[in-house]
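These notes concern the structure reproduced below.
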Protein chains: 2
Amino acid sequence: MDPDSVAKAFVEHYYRTFDANRADLGNLYQEGSMLTFEGSKIQGAQAIVAKLTSLPFQQCQHSISTVDCQPSGPAGGMVVFVSGSLQLGGEQHALKFSQMFHLMPTPQGSFYVFNDIFRLNYA
Amino acid sequence: MDPDSVAKAFVEHYYRTFDANRADLGNLYQEGSMLTFEGSKIQGAQAIVAKLTSLPFQQCQHSISTVDCQPSGPAGGMVVFVSGSLQLGGEQHALKFSQMFHLMPTPQGSFYVFNDIFRLNYA
């Protein structure tokens with residue numbers, strides 16, 4: 001698979017999992033992983049999942065607008081940049097967001113999230 | 001300097017240079033650098049500067065809203081995520097944008113841009 005297809009498949013899997021059951025995202029992070037969520041920094045898979053599952057909404061639906069990706073260097077990683085919108089249960093208007101992932105390869109030939117930065121795009 | 005200060009200083013320098021004379025940004029990229037600008041991929045400092053200087057506006061002014069950064073791995077790089085707005089000369093409304101940089105260290109103790117992904121945030 002070419003990098004663009006890998007990135008697109010990852011992003012679709014990530015948000016499908018997020019919207020179905022955020023607790024399952026733990027498999028995509030490792031101990032050295034970092035999340036910056038609206039300016040708050042969290043490190044480690046367990047703390048990241050605790051943050052994501054504590055967000056003050058139950059139902060959500062991500063819609064992806066754009067996915068850009070580039071190889072991030074000789075270690076075989078890739079940076080992925082996503083824009084999209086997020087519809088929260090019970091809210092009338094969707095929220096626009098941008099998010100970047102730095103994916104690193106696992107020995108099993110898959111990828112995990114090393115860096116994750118999320119920001120809402122306020123109008 | 002802590003990573004957040006380095007990232008903030010880099011971002012301020014980058015947009016100040018962009019707004020003053022885009023051609024001077026060439027020093028911040030190297031041959032392996034990649035830019036994805038609104039979905040178009042360009043590789044190499046010279047091609048990146050050619051792209052940036054060919055954008056169809058003369059005057060512009062970036063305003064930074066948020067800067068997030070994380071170390072990107074053992075090679076000493078960092079990922080930097082920026083949101084902000086861009087006022088073009090002669091236009092009434094500013095454009096919102098998001099941009100990510102993956103900075104890698106140089107032997108001289110500075111950083112260059114290895115990955116650069118830019119997207120306008122359409123409302």
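Throughout, a chain's letter reflects where its sequence line sits, starting with A, and its residues are numbered from 1. Hydrogens, waters and symmetry mates are skipped; everything else that's a heavy atom, side chains included, is used.
Heavy-atom pairs under 4.5 Å with chain A were tallied for Arg119(B), His102(B), Met34(B); the largest tally goes to Arg119(B).
Checked against Leu28(B) for a side-chain contact (heavy atoms from CB on, under 4.5 Å), the options Phe10(B), Phe101(B), Phe18(B) give a single hit: Phe10(B).
For a residue to count as touching a neighbouring chain, one of its non-hydrogen atoms must lie under 4.5 Å from one of that chain's; by this rule Glu38(B) does not touch chain A. With a 4.5 angstrom heavy-atom cutoff, Ser98(A) touches chain B via backbone and side-chain atoms both. Contact of Pro71(B) with chain A is made through backbone and side chain together, with heavy-atom distances under 4.5 Å. The contact between Leu35(B) and chain A is made entirely by backbone atoms, counting heavy-atom distances below 4.5 Å.
Side chain of Lys41(B) to backbone of Cys69(A): a donor-acceptor contact under 3.5 angstrom is found. Although no hydrogens or angles enter the test, the distance criterion places a donor-acceptor pair under 3.5 Å between the side chain of Ser33(A) and the main chain of Val113(A).
Residue Leu88(A) holds its CG atom at 11.0 Å from CD of Gln58(A), rounded to the nearest 0.5 Å.
In the displayed structure, Gln46(B) atom CD is contacted under 6.0 Å by at most 12 heavy atoms of other residues, nucleotides or ligands.
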